Each structure stands twice: as structure tokens, then as C-alpha cells.
Amino acid sequence: FKDLVVPPLATTIWRQAQTAMITDNFVREGFSFNGLYVNLKGKEKLMMAYEFPIYNFVVGIFYKAINHNPFWGKLVSLICSITTLIIFYKLVKSYSSKLLAFLSAAFLIFTPISVLMFTAFQPDSMGVMFVMFGVYFINKWRETYNIRTIALVSICLLVCGLCKFPILVPYFPLFILLYFFPSGKFRVPKAAELLVITILFVVPFIAWYLYRSNLTDPTLVGGENKMFFIGDLTRFLHLDFYIKPAMMMAIMIVCGTGFIYFLNGIRKPSTVELVLLAGIPLYYFVIPTVSDQAYYLYSITPIIAFFMAKGAYYVSLSLQRKRASFINYS
């Protein structure tokens, strides 16, 4: 709550200031795509249409109705973060137990990257919220195979992808597993379902990213392509590539000791858990900037929080057994 009332001067100051600037210009230009620019080249409008302005639009409503204050962007992020926490808790509870859901939620709350991002003036919190909604709805779809639920899943994936498409990447293996193997066995997709997914997700998603490449200043497009879409794979051959990601992971997510919990949590994973884990290396493979910018780790924080919670639970049980054994021996 403290971060709500201060300027966006946190670790991600560049990204937050950029989003706040674009939102301000977007509103002043009448909620037009022509307002997706930053004030970095004097009077020239440097177009920077990286994401579809859903987050900017929601914040812009507050700007228009009340005033142009970064507080509103931070408040929108906080509301999205709280919603994410609730959905995440429900998902883990339905998958495992109330205790594991509580522990997972606790790790998600107190992980440093979450503390940094909960109120950040960025679309990340909104994107993570919608991917969590997507997981929630596809989990519900497995019970009924209702076409309307698939429509909801598609809309959630679209909104998340438009807010910030890298957030989708680590969760794609999970969506593929739950859709094609909803009950553990392969299920042939229905034509109607594929049509709904294509119309509500695939087509508008691709259309926007083709359009925005023409909208964004050419000097920015080249640099962006190096940060996303796989990039130079030779980076994986150099030892120094792994140092910074390892440090960011250790400090921003697992906090050192959390690594012990994480290692305990990934022992004997179920198929769903294995697919969740597979999303992490996929994320680093497809989105090169993940290894360079810490706030991109926020996307995988729910996954790691779950495994840390699971590991903490196992460690607790092991200590209890040892204590009981010691007492009996004494």
C-alpha cells in the first residue's frame, strides 16, 4: 500500500515511466492508437506500440474521470494482483489441499519480485491475472466440455496476450496438456472448439502484432526482435549467460533458502507439475530478455511459489517425523 502513493521510481523505473507516459499521451489523444508514443525525441512522437493498450485504457478511465496521477495505474495493478492471488489460491486448493493453497499464496505474496510488481505501473499484473483466469476456466472446461467455457478461455488468453504476450509462454504447455489430454488421455478436438479458439484468440492476437509492428517506430522494432522470439541461441553456450539469471532467481524469487523448498517440491512430479516446470525453460528459450530483466520473472512466480510451498510442506512433514522418532527413541 505504501507504493501506491509514491511516484513510479522502483527498480523498474524505465518500464513504469514509459507505461505512464504512454498512458498519459493515449488519453490526451482521445484513446487513439496515435497516442501510443513516448516523449523522448523532442516534439517528434516516438511511437512505441509494444502492447495493445488494454491496461492503458482502464487506467485512462480514471485519468479522464478524476486526474492524471500515477496512483491510478498502481491501483489497477494492485486490484489485478489481489484477484490473481484469489484465483491462484482456488486453483491450488482444487488441485491439492487448503494447506498447500495457503502456503502457495503466502510464497506468492512475500516473494520479492511480487512485492515489486503488485503495484507497478505496468501491464504485467493484468496479464498474469488473465492467464490465471484462463487456467481456471480450462480447468472448469475439463468437467463439462462446454463450448462457452472454451470461449472464455480464448478471451482470457487473448487479453493476456494483448496485455503482454511473453506472460503466456510459460503456461502454453499447461494449456496444451489440459486441452488435448483433459482426463489424462488424448481427446480429439472438436471443429467448433477449434473455430472458437481461432476466432477469439489466434486471429486477433496475430492481427494486432502484425499491425503494431507497422505502428511502432522502425528504430525500436529491430532492437525488440532481439529481445523476443527466440533470439540468438548461442547465448546458451556461454557460461556467463547463466550467472545473471541464476542471481535474479535466487534473490528475486527463492530468496536463497527457498531454493531448498523448490528442490524438495519438484521431487516425483505429476504430469501436470512436470508440464508446469517445462514452461520455465521454454520461457527462457522463447523470450531472451527474461534472462536480463528481473521483472519478467513475475510471470513464472506463481509456478515457483507452488513448488516452494509443496517443498516447504514436505520439509515440515520430514521434521515432524524426525521429531516424533527422536521422542520415541528417548
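All values derive from a computational prediction rather than experimental measurement.
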Would you give me the side-chain donor-acceptor pairs under 3.5 Å for residues 274-281, sequence neighbours excluded?
none

*What's the spacing between Cys255 SG and Ile113 CD1 if we round to 0.5 Å?*
10.5 Å
*Considering only heavy atoms from C-beta outward, does the side chain of Leu174 approach that of Val272 to under 4.5 Å?*
yes
*asked:* Can you classify the ring geometry of Phe205 versus Phe201 as parallel (below 30°), tilted (30 to 60°) or perpendicular (above 60°)?
replied: tilted
*Let me see the working for Leu152 and Lys140 under side-chain contact (heavy atoms from CB on, under 4.5 Å), right down to the final yes or no.*
CA-CA 11 Å; Leu152 288 173; Lys140 288 292 183 184; over 6 Å; no
*Taking the side chain as C-beta and beyond, is there a heavy-atom pair between Ile147 and Glu193 under 4.5 Å?*
yes
_Tyr209 atom OH: more than 12 heavy-atom contacts under 6.0 Å_ = yes
*asked:* Could you check whether any side-chain N or O of Asp217 sits under 3.5 Å from a backbone N or O of Leu46, counting only pairs where one atom can act as donor and the other as acceptor?
replied: no
*What pair of heavy atoms forms the shortest contact from Met252 to Leu116, and how long is it?*
CE-CD2, 4.2 Å
*CZ of Phe31: more than 12 outside heavy atoms within 6.0 angstrom?*
yes
*Under a single-linkage definition using a 4.5 Å side-chain heavy-atom cutoff for Ile, Leu, Val, Met, Phe, Trp and Tyr, are Leu297 and Met247 assigned to the same hydrophobic cluster?*
no
*Spell out, yes or no, whether Leu239 and Val290 are grouped together once hydrophobic residues are joined by side-chain heavy atoms under 4.5 Å, including indirect joins.*
no
*asked:* Nearest 0.5 Å, please: how far is CD1 in Ile82 from CD1 in Ile109?
replied: 9.5 Å
*Taking the six-membered ring for Trp, are Phe121 and Tyr63 parallel (under 30°), tilted (30 to 60°) or perpendicular (over 60°)?*
perpendicular
*Considering only heavy atoms from C-beta outward, does the side chain of Met117 approach that of Thr301 to under 4.5 Å?*
no
*Residues which pass side-chain hydrogen bond (donor to acceptor under 3.5 Å, both in side chains) with Tyr283, listed by chain and number, not counting sequence neighbours*: Ser299
_I need the minimum non-hydrogen distance between Phe306 and Glu273, along with the two atoms involved._
CZ-OE2, 3.8 Å
*Might you point out which heavy atoms bring Leu158 and Leu200 nearest each other, and give the distance in Å?*
CD2-O, 3.2 Å
*asked:* Given 3.5 Å as the limit, does a donor-acceptor pair link the side chain of Ser96 with the main chain of Val92, or not?
replied: no
*Interatomic distance, Ile155 atom CD1 to Cys160 atom SG [nearest 0.5 angstrom]*: 14.0 Å
*Partners of Arg235 by side-chain hydrogen bond (donor to acceptor under 3.5 Å, both in side chains), sequence neighbours excluded?*
none
*Does any non-hydrogen side-chain atom of Phe307 lie less than 4.5 Å from one of Phe107?*
no
*Which atom names give the shortest non-hydrogen contact between Met248 and Ser291, and what distance separates them?*
CE-O, 3.3 Å
_Quick one, Trp208 with Phe33, criterion ring-ring contact (aromatic ring centres under 6.0 Å, His included). Give me CA distance, side-chain angles, the key distance, then yes/no._
CA-CA 12 Å; Trp208 163 250; Phe33 287 154; 5.5 Å; yes
_Counting neighbours of OH on Tyr242 that are heavy atoms of other residues, nucleotides or ligands and sit closer than 6.0 Å, is the number greater than 12?_
yes
*Thr23 side-chain N/O to Asn56 backbone N/O, donor-acceptor pair under 3.5 Å*: no
*Who passes side-chain hydrogen bond (donor to acceptor under 3.5 Å, both in side chains) against Thr271, sequence neighbours left out?*
none
*asked:* For Phe57, I'd like to know if atom CZ has over 12 heavy atoms of other residues, nucleotides or ligands within 6.0 Å.
replied: no
_When you compare the side chain of Asn139 with that of Arg142, does any pair of heavy atoms fall below 4.5 Å?_
yes
*Val58 to Phe62 - nearest heavy-atom pair and separation*: O-CD1, 3.4 Å
*Take Phe262 and Ile253 through the side-chain contact (heavy atoms from CB on, under 4.5 Å) test and state the conclusion after the steps.*
CA-CA 10 Å; Phe262 180 76; Ile253 297 187; over 6 Å; no
_side-chain contact (heavy atoms from CB on, under 4.5 Å) between Tyr298 and Ser114, worked out_ = CA-CA 6 Å; Tyr298 183 55; Ser114 294; 3.9 Å; yes
_Check: Leu100 and Lys310 side chains under 4.5 Å, non-hydrogen atoms_ = yes
_Interatomic distance, Leu157 atom CG to Leu168 atom CG [nearest 0.5 angstrom]_ = 6.0 Å
*Under the side chain to side chain contact (heavy atoms under 4.5 Å, CB included) rule, collect the residues that match up with Ser183, sequence neighbours excluded.*
Tyr145
_Distance in Å, Ile150 CD1 paired with Leu194 CG, rounded so as to fall on 0.5 Å steps_ = 9.0 Å
*Any side-chain heavy atom of Phe133 within less than 4.5 Å of one from Met129?*
yes
With a 3.5 Å cut-off and sequence neighbours excluded, list the donor-acceptor pairs that the side chains of residues 69-79 form with protein atoms.
from  : atom 1 : to     : atom 2 : distance (Å)
Asn69 : OD1    : Phe71  : N      : 2.9
Trp72 : NE1    : Asn67  : O      : 3.4
Trp72 : NE1    : Asn67  : OD1    : 2.7
Lys74 : NZ     : Asp3   : O      : 3.3
Lys74 : NZ     : Asp3   : OD2    : 3.0
Ser77 : OG     : Tyr55  : OH     : 3.1
Ser77 : OG     : Gly73  : O      : 3.3
Ser77 : OG     : Ala120 : O      : 2.6
Ser77 : OG     : Gln122 : O      : 3.4

*Would a hydrophobic clustering, with Ile, Leu, Val, Met, Phe, Trp and Tyr connected at side-chain separations under 4.5 Å, put Phe118 with Phe110?*
yes
*How long is the gap from CD1 on Ile22 to CE on Met48, to the nearest 0.5 Å?*
6.0 Å
*Considering non-hydrogen atoms only, spot the tightest contact between Asn264 and Gly311 and give its length.*
CB-CA, 3.8 Å
*Close side-chain approach of Leu108 and Pro302, heavy atoms under 4.5 Å*: yes
*Test side-chain contact (heavy atoms from CB on, under 4.5 Å) applied to Glu29 and Lys45, step by step*: CA-CA 12 Å; Glu29 295 284 345; Lys45 297 178 180 179; 3.0 Å; yes
_Common cluster, Val153/Val203, ILVMFWY with side-chain heavy-atom separation under 4.5 Å_ = no
*Taking atom types as modelled, is there a side-chain donor on Tyr95 or Ser270 under 3.5 Å from an acceptor on the other?*
yes
_With clusters defined by side-chain heavy atoms of hydrophobic residues (ILVMFWY) lying less than 4.5 Å apart, directly or transitively, does Phe172 cluster with Ile206?_
yes
